[in-house]
Participant: 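Before I ask anything, here is the structure I am working with.
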Amino acid sequence: MCGRAATAPVLSWNEYYQVMGFDLWLNFKPSYNVTPTQPLPCIRVEDGQRSAFVAKWGLIPSWAKDPKIGAQCSQARSDTVAEKPAFRAAFKKRCCLVAVTGFYEWDQHHIVKGRPKQPYYFTLQDGRPMTFAGLWESWVSPEQETIETCTIITCGPNEIMEPLHDRLPVILPSNLWDVWLDPGMDATVAGLVKDEFHTRQ
DNA sequence: CCAGACGTTGTT
DNA sequence: GTCTGG
DNA sequence: CCAGACGTTGTT
DNA sequence: GTCTGG
């Protein structure tokens with residue numbers, strides 16, 4: 001992973017879809033700056049098969065009366081996600097991958113360090129898309145409209161992020177995708193939260 | 001018992 | 001849905 | 001987090 | 001200044 005002053009992603013979405021192994025995804029409109037409540041491309045396992053879906057960023061728990069809570073549930077801390085009422089149900093049964101080409105993070109220490117106030121764009125060093133550990137949820141509105149949402153897991157910073165910011169999305173290497181997606185592997189998943197989340201990528 | 005929260009971030 | 005605070 | 005708004009009405 | 005929406 002590396003950070004640079006914010007610029008455009010390095011992979012086209014067509015290339016991205018190919019790398020991720022999915023067909024072109026007609027109902028997702030790529031964006032250079034996704035914000036909470038906007039759609040993100042996700043991957044989950046249904047009947048033992050990976051499938052792609054689009055979910056609004058910002059998890060709305062199934063019990064929510066007001067969907068606005070979703071905007072505040074755009075991230076879930078790795079150290080508490082298993083217990084928090086808003087996330088624990090999804091954590092047990094609805095882990096997903098969130099697929100992006102990169103992400104922005106603002107410089108938390110710009111004033112103290114005398115740096116310009118600006119966001120940085122982070123990608124993997126080789127420019128491949130990256131895959132966040134996420135959760136998804138399904139919420140039914142009073143009008144019986146179903147809304148699928150997602151959140152991303154965050155952990156502490158690695159050595160690259162640390163000078164800029166104290167949080168970092170959990171980026172799963174490809175050998176952990178199936179582990180994270182397996183709904184039957186609670187113990188392993190819990191282990192991931194405690195251990196792998198804090199390793200460096 | 002009922003009512004209300006349920007989350008993250010930041011903080012010169 | 002489930003927990004906490006009053 | 002940042003960006004952008006920042007009002008009024010009504011009241012089974 | 002502070003809240004809301006993205």
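Since the model is a prediction, treat every value here as computed from it, not as a measurement.
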Participant: Please report the distance, rounded to the nearest Å, between CD in A:Glu137 and P in C:dT2.
Facilitator: 13 Å

Participant: Would you say the side chain of A:Phe122 lies within less than 4.5 Å of the side chain of A:Pro169, judging by non-hydrogen atoms?
Facilitator: no

Participant: Just wondering, do A:Phe87 and A:Arg77 contact through their side chains at under 4.5 Å, heavy atoms?
Facilitator: no

Participant: Go through the structure and list residues passing salt bridge (Lys or Arg N to Asp or Glu O under 4.0 Å) with A:Glu46, not counting sequence neighbours.
Facilitator: A:Arg44

Participant: Dot-bracket for DNA chain D, please. Rules: Watson-Crick or G-U, both distances under 3.5 Å, ( ) within the strand, [ ] when a pair crosses earlier ones, | for another strand, . otherwise.
Facilitator: ||||||......

Participant: Which pairs, protein N/O on one side and nucleotides 10-12 of chain B N/O on the other, fall under 3.5 Å?
Facilitator:
from	atom 1	to	atom 2	distance (Å)
B:dG10	OP1	A:Gln108	NE2	2.0
B:dG10	OP1	A:His165	NE2	2.7
B:dG10	OP2	A:Gln108	NE2	2.9
B:dG10	OP2	A:Asp166	OD1	3.1
B:dG10	O5'	A:Gln108	NE2	3.2

Participant: Quick one, A:Leu164 and A:Glu105 - any side-chain contact, counting heavy atoms below 4.5 Å?
Facilitator: no

Participant: Rounded to whole Å, how long is the line connecting atom CG of A:Leu168 with atom P of B:dT8?
Facilitator: 16 Å

Participant: What's the CZ-P distance between A:Phe87 and C:dT2, to the nearest Å?
Facilitator: 18 Å

Participant: How close or far is atom P of B:dT9 from atom CD1 of A:Ile69, stated in whole angstroms?
Facilitator: 15 Å

Participant: Within this structure, what is the CH2-to-P distance between A:Trp57 and D:dC1, rounded to whole angstrom?
Facilitator: 13 Å

Participant: Could you measure between the two P atoms, the one in D:dT8 and the one in B:dG4, and give it in whole Å?
Facilitator: 25 Å

Participant: Any chance you could pull the hydrophobic cluster mates of A:Ile69, using side-chain heavy atoms under 4.5 angstrom and chaining through other members?
Facilitator: A:Ile60, A:Trp63, A:Trp139, A:Ile147

Participant: For nucleotides 3-6 of chain C, which of its nitrogen or oxygen atoms have a protein nitrogen or oxygen under 3.5 Å away, and what is each distance?
Facilitator:
none

Participant: After noting the C-alpha distance and the side-chain angles of A:Lys84 and A:Phe91, does the key distance pass the side-chain contact (heavy atoms from CB on, under 4.5 Å) rule?
Facilitator: CA-CA 10 Å; A:Lys84 289 285 184 183; A:Phe91 179 72; over 6 Å; no

Participant: A:Ser62 versus A:Glu137: any side-chain heavy-atom pair under 4.5 Å?
Facilitator: yes

Participant: Calculate the interatomic distance between A:Gln38 atom CD and D:dC2 atom P; express it in whole Å.
Facilitator: 17 Å

Participant: Could you give the distance separating B:dA5 and E:dT4 at their P atoms, to the nearest angstrom?
Facilitator: 13 Å

Participant: Atom CD1 of A:Ile60 to atom P of B:dT8: distance rounded to whole Å?
Facilitator: 16 Å

Participant: Please determine which of A:His165, A:Lys113, A:Met161, A:Arg167 meets the side-chain contact (heavy atoms from CB on, under 4.5 Å) test together with A:Gln108.
Facilitator: A:His165

Participant: Within this structure, what is the CZ-to-C1' distance between A:Phe103 and D:dC2, rounded to whole angstrom?
Facilitator: 17 Å

Participant: Going by ring centres under 5.5 Å and near-parallel planes (under 30°), is A:Trp63 stacked on B:dC6?
Facilitator: yes

Participant: Just by distance, no angles: are the side chains of A:Thr35 and A:Tyr104 close enough, under 3.5 Å, to form a donor-acceptor pair?
Facilitator: no

Participant: Check whether any side-chain N or O of A:Gln75 sits under 4.0 Å from OP1 or OP2 of D:dC1, and answer yes or no.
Facilitator: no

Participant: Between A:Cys42 and A:Val98, what is the shortest heavy-atom contact and its length?
Facilitator: SG-CG2, 4.1 Å

Participant: Select base, sugar-phosphate, or nothing to describe what A:Lys117 touches, counting heavy atoms under 4.0 Å on all strands.
Facilitator: sugar-phosphate

Participant: Can you check the distance between B:dC1 and D:dT11, where both ends of the measurement are the C1' atom (answer in whole Å)?
Facilitator: 29 Å

Participant: Can you spot which of A:Asp79, A:Ile171, A:Val170 makes a side-chain contact (heavy atoms from CB on, under 4.5 Å) with A:Cys155?
Facilitator: A:Val170

Participant: If we take the C1' atom in both B:dT9 and D:dC2, what is their distance in whole Å?
Facilitator: 11 Å

Participant: Give me the other members of the hydrophobic cluster that A:Val112 sits in, counting Ile, Leu, Val, Met, Phe, Trp and Tyr linked by side-chain heavy atoms under 4.5 Å, directly or via other members.
Facilitator: none

